[in-house]
Amino acid sequence: MKIYLICAVVFLAPAVFGSFAASIDDDFHAYEADCGAKSGVSNESIEAARQARQLPQSPQMNAFAMCMLGKYNVMAVDGSINPNVQSYGIITDVPNNTWRVSERCRTLSGNDVGETARMIMNCYLDSNQMVMALTPRVSY
């Protein structure tokens, strides 16, 4: 009986978890679209940042990063950093690693809150954390 349970888990778990991947990317795309509209960043700039896994320095990208970090509860609207890394909404399959990365990234500081936000986003991207969708946005 145990072998049937193990086989069921081995064969069905990937199918179940794989069905959530599209909805997670949809959530990321919704965040990106909202923050892009609020910051004035074009879809092309977001796609270029996704491909490069790096947000380039610009006032619009700084505002985009602030908005995205707000979505993850990392940064407040006033630019203050949330010290409770365990409350961050960053999607992960290895929470302890994400918390360690968050502890390192949240200490970065730029010349202003926008630059700080961009530096923190780039730190997450450099550390292979999911703070942007993995696939390009498809328009319908």
Side-chain angles (χ1 to χ4, degrees):
M1 184 65 174
K2 290 180 185 178
I3 192 73
Y4 293 118
L5 180 61
I6 291 171
C7 288
V9 169
V10 168
F11 291 112
L12 295 178
V16 170
F17 290 117
S19 67
F20 293 117
S23 65
I24 290 170
D25 244 11
D26 290 344
D27 290 344
F28 281 121
H29 288 302
Y31 290 168
E32 292 166 4
D34 181 51
C35 292
K38 289 178 180 175
S39 64
V41 173
S42 68
N43 288 337
E44 293 79 19
S45 295
I46 293 170
E47 290 304 323
R50 181 187 336 282
Q51 293 298 321
R53 305 271 309 146
Q54 197 71 215
L55 302 182
Q57 200 285 323
S58 76
Q60 293 82 12
M61 272 298 176
N62 290 355
F64 176 79
M66 281 183 65
C67 179
M68 290 294 285
L69 291 178
K71 303 275 187 198
Y72 303 125
N73 194 33
V74 175
M75 181 178 270
V77 176
D78 66 0
S80 61
I81 303 297
N82 177 358
N84 183 5
V85 297
Q86 293 184 350
S87 72
Y88 293 1
I90 296 172
I91 296 171
T92 182
D93 58 348
V94 186
N96 289 339
N97 183 51
T98 298
W99 295 336
R100 279 192 296 276
V101 169
S102 294
E103 285 290 349
R104 185 182 77 245
C105 292
R106 75 182 188 91
T107 63
L108 297 174
S109 180
N111 293 327
D112 57 32
V113 294
E115 184 178 22
T116 297
R118 185 180 49 78
M119 290 171 68
I120 292 171
M121 276 288 286
N122 284 337
C123 179
Y124 279 117
L125 290 168
D126 289 342
S127 301
N128 294 315
Q129 299 299 301
M130 286 188 63
V131 291
M132 292 184 77
L134 297 175
T135 59
R137 184 173 185 198
V138 178
S139 299
Y140 297 103

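Note that the numbering runs from 1 along the sequence shown for the chain.
- Here the options are Ile91, Asn122, Leu125, the test is side-chain contact (heavy atoms from CB on, under 4.5 Å), and the partner is Val131; only Leu125 passes.
- The stretch residues 112-127 participates, sequence neighbours left out, in these salt bridge (Lys or Arg N to Asp or Glu O under 4.0 Å) pairs: Glu115-Arg118.
- A single hydrophobic cluster is seen to contain both Leu134 and Met121, as judged by linkage of ILVMFWY side chains at heavy-atom distances under 4.5 Å, directly or through other members.
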| task | May I have the step-by-step check of side-chain contact (heavy atoms from CB on, under 4.5 Å) for Thr98 and Met130, ending in yes or no? | result | CA-CA 10 Å; Thr98 298; Met130 286 188 63; over 6 Å; no
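- Met119 CE to Ser109 OG: the interatomic distance, rounded to the nearest 0.5 Å, is 7.0 Å.
- A distance of 10.5 Å separates OG1 in Thr92 from OH in Tyr124, rounded to the nearest 0.5 Å.
- Take Arg50 and apply the salt bridge (charged side-chain N to carboxylate O under 4.0 Å, His left out) test, not counting sequence neighbours, and it matches Glu32, Glu47.
- Atom-to-atom distance recorded for Met68:CE and Ile120:CD1 is 13.5 Å, nearest 0.5 angstrom.
- Closest of all the heavy-atom pairs between Thr116 and Gly110 is OG1-N, 2.7 Å.
- Contact between Gln60 and Gly40 at its shortest, heavy atoms only, is CG-O, 4.2 Å.
- Within the structure, no pair that satisfies the ring pair (Phe, Tyr, Trp, His ring centres under 6.0 Å) test touches residues 41-64, not counting sequence neighbours.
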Hey, can you pull the donor-acceptor pairs under 3.5 Å for the side chains in residues 78-86, sequence neighbours left out?
unit_1	atom_1	unit_2	atom_2	d
Asp78	OD1	Ser80	N	2.9
Asp78	OD1	Ser80	OG	2.7
Asn82	OD1	Asn84	N	2.9
Asn82	ND2	Asn73	O	3.0
Asn82	ND2	Ser87	OG	2.8
Asn84	OD1	Gln86	N	3.3

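- Scanning both residues, Tyr88 and Arg106, for their nearest heavy atoms gives OH-CD, 3.5 Å.
- Pro59 pairs by the side-chain contact (heavy atoms from CB on, under 4.5 Å) definition with nothing, not counting sequence neighbours.
- Scanning all heavy atoms of the two residues, the minimum distance from Cys67 to Lys38 falls at SG-CD, 4.2 Å.
- Contact record, Ala49 with Met61: CB-CE, 4.1 Å, taken as the closest heavy-atom pair.
- With contacts defined as side-chain heavy-atom distances shorter than 4.5 Å, the pair Ser127/Arg104 qualifies.
- Contact between Lys71 and Tyr31 at its shortest, heavy atoms only, is CD-CD2, 3.8 Å.
- Val77 is linked by a side-chain contact (heavy atoms from CB on, under 4.5 Å) to nothing, counting only residues two or more places apart in sequence or in another chain.
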